[in-house]
Peer 1: 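Quick one: this structure, given as structure tokens, is what I'll be asking you about.
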Amino acid sequence: MNLLKEFDLHDPAKSGQELHSFAAELFPICRSITGEGIRQTLAMIQSRIPLKVSDVPSGTSVFDWTVPKEWNIRDAYIKAPNGKRVVDFRDCNLHVVNYSRPIHETMLLSELKPHLFTIPKNPEWIPYRTSYYKEDWGFCLSHNQLLALEDGKYEVCIDSTLENGHLTYGECSLPGRSTDEILISCHACHPSLANDNLSGLTVATHLSRFLARRDLRYSYRFLFIPGTIGAITWLARNQEQAGRIRHGLVLTCIGDSGKFHYKKSRHGVAEMDRASAHVLKHNSQDPEILEFSPYGYDERQYCSPGFNLAVGCLMRSVWGTFPEYHTSADNLEFIHPQELEQSLRVCVAIIDVLENNRRYRNLRPYCEPQLGRRNLYRPTGGDDIGAEINARLWVLNLSDGKHSLLDIAERSGLPFSMINDAADVLFQGGLLELGSD
Ligand SMILES: [Zn+2]
């Protein structure tokens with residue numbers, strides 16, 4: 001099945017708008033690695049795709065880690081000596097250091113200051129800070145807000161709870177003809193941040209919805225999980241299942257206008273690494289392929305040596321390298337319908353390669369078969385007739401049962417979709433047989 005052709009039948013402007021609207025619905029929720037925010041987020045994904053939601057109790061051992069206490073927050077503020085809220089969680093959920101323990105005290109500005117975080121370089125923006133594994137509290141505010149604070153006594157309140165509860169994650173499985181799986185993973189634990197978190201969530205949700213209606217070679221598993229601890233928890237509880245994952249992709253920061261980046265899996269030459277590099281080369285401007293490193297998103301856990309899964313990471317702008325990263329400027333204006341849609345299309349194109357990458361054997365390997373006699377030398381449509389015939393000659397020449405269609409696409413410099421079309425036509429024409437996988 002040619003997934004990319006089917007995908008291109010839909011209206012890209014409408015689809016881009018749907019992706020962005022979904023991100024806008026999710027944006028206001030105060031998410032964290034546990035708690036009501038991530039549950040609410042998963043419920044909204046569940047209204048679009050079938051999602052199995054799992055709750056793992058606090059205190060559960062997961063490899064070398066422990067599932068933390070559950071964090072929830074109702075309100076938080078700093079009140080100035082005149083009684084006015086000068087920092088207010090209700091204005092922006094980034095104002096509270098995520099996972100802050102509860103506090104309600106009055107203190108001098110000098111005592112409060114060590115708990116305040118700003119970005120002096122971008123004085124209008126609010127930073128995003130977390131304190132998951134050390135019980136602490138703090139506020140994030142714009143540098144201009146900080147400069148406006150006068151000496152005096154401030155009422156500081158964080159109305160949060162940090163108690164035994166659960167870590168929650170969601171998974172969506174789509175059965176294919178094979179039990180071998182393709183994993184798509186994204187983190188769902190950041191509060192109001194659009195590119196870092198919501199872009200991956202929305203694209204993964206729409207990708208799952210698109211694939212759900214198809215006849216698929218592989219089975220698919222979509223994970224919507226809290227970063228790091230979520231991936232560790234899922235892997236600890238599904239060690240056997242993880243052995244079925246043949247290819248995987250972590251999706252993050254794919255809604256901004258930056259160029260595409262693909263970070264290779266630990267293998268470096270896995271089919272996912274090659275398929276992603278190939279698709280980006282033919283479907284995007286000036287993409288960059290990054291070598292694996294043991295830092296980044298959840299590919300770190302999937303590529304840990306015990307699992308060593310072929311999981312790479314697809315991004316546009318790379319986390320940590322754009323100024324808006326982990327600040328209030330990573331908002332709904334920073335991501336765009338068109339870019340979200342293009343990222344979704346790139347994901348479909350990568351999956352299209354994996355679904356259709358096969359080996360064939362040329363049944364007439366002694367000299368070229370006479371294509372004209374079989375009506376295979378004449379154009380069957382398309383502008384680039386030369387490339388179409390060229391693709392057929394490449395497929396005939398390299399289909400020796402050893403070269404895959406992706407090998408042929410890479411060697412010929414032609415896009416996989418064209419090589420795949422050529423193989424289809426030659427197979428229908430009786431010139432190829434399927435090789436063993
Ligand atoms: Zn992040």
Side-chain angles (χ1 to χ4, degrees), residues 23 26-35 37-38 41-42 45 65 68 71 73 92-100 117-119 121-122 125-134 136 138-140 167-170 184-205 223-234 249-258 260-263 290 293-303 311-335 339-340 343:
L26 294 166
F27 189 75
I29 301 172
C30 183
R31 276 165 291 270
S32 186
I33 53 172
T34 62
I38 188 164
T41 300
L42 295 174
I45 296 171
W65 297 59
W71 184 72
I73 182 160
C92 174
N93 57 37
L94 299 181
H95 274 317
V96 171
V97 170
N98 203 284
Y99 250 70
S100 281
F117 302 95
T118 68
I119 315 167
K121 240 188 349 192
N122 290 298
W125 298 354
I126 305 162
Y128 162 58
R129 291 277 186 122
T130 65
S131 186
Y132 300 139
Y133 301 106
K134 181 176 165 254
D136 204 351
F139 283 87
C140 300
L167 175 148
T168 313
Y169 62 81
I184 306 290
S185 176
C186 52
H187 62 286
C189 55
H190 288 28
S192 295
L193 295 171
N195 201 35
D196 180 7
N197 155 52
L198 298 184
S199 66
L201 286 187
T202 52
V203 168
T205 303
L223 292 182
F224 301 90
I225 49 177
T228 307
I229 189 69
I232 293 170
T233 302
W234 187 85
L249 206 51
V250 168
L251 300 180
T252 182
C253 299
I254 48 173
D256 68 301
S257 51
F260 278 101
H261 290 79
Y262 172 78
K263 176 183 159 184
L290 308 171
S293 63
Y295 197 56
Y297 285 95
D298 286 329
E299 70 280 4
R300 292 157 64 172
Q301 314 311 331
Y302 303 124
C303 294
V311 177
C313 179
L314 184 69
M315 296 163 276
R316 282 174 171 275
S317 293
V318 176
W319 62 273
T321 65
F322 53 98
E324 294 84 356
Y325 173 75
H326 280 188
T327 77
S328 54
D330 180 3
N331 55 27
L332 292 168
E333 282 80 60
F334 188 61
I335 60 169
E339 269 85 24
L340 289 165
S343 296

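Just so you know, residue 1 is the first one in the sequence shown, and it goes up from there. Ligands are counted one by one from 1 in listed order, and the atoms in each one are counted from 1 as well. This one's a predicted model, so the numbers in the text were calculated from it and none came from an experiment.
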Peer 1: Donor-acceptor pair, distance only, cut-off 3.5 Å: does the side chain of Asp298 make one with the backbone of His187?
Peer 2: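 Not a single qualifying donor-acceptor pair exists.
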Peer 1: For residues Ser185 and Tyr302, is any side-chain donor paired with an opposing acceptor at under 3.5 Å?
Peer 2: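 A donor-acceptor contact under 3.5 Å links the two side chains.
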Peer 1: Is there side-chain contact between Phe322 and Asp256, with at least one heavy-atom pair below 4.5 Å?
Peer 2: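 Not in contact.
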Peer 1: Check whether any side-chain N or O of Asn98 sits under 3.5 Å from a backbone N or O of Arg31 as a donor-acceptor pair, and report yes or no.
Peer 2: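 Yes: the side chain of Asn98 pairs with the backbone of Arg31.
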Peer 1: Check the angle between the aromatic planes of Trp319 and Tyr325 and answer parallel, tilted or perpendicular using the 30° and 60° thresholds.
Peer 2: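 Trp319 vs Tyr325 ring planes: tilted.
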Peer 1: Checking Thr34 against Tyr99: is there a side-chain donor and acceptor pair closer than 3.5 Å?
Peer 2: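 Indeed, the side chains of Tyr99 and Thr34 share at least one donor-acceptor pair under 3.5 Å.
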Peer 1: Would you mind counting protein N, O or S atoms that sit less than 2.8 Å from the Zn ion (ligand 1)?
Peer 2: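 Total protein N/O/S atoms under 2.8 Å from the Zn ion (ligand 1): 3.
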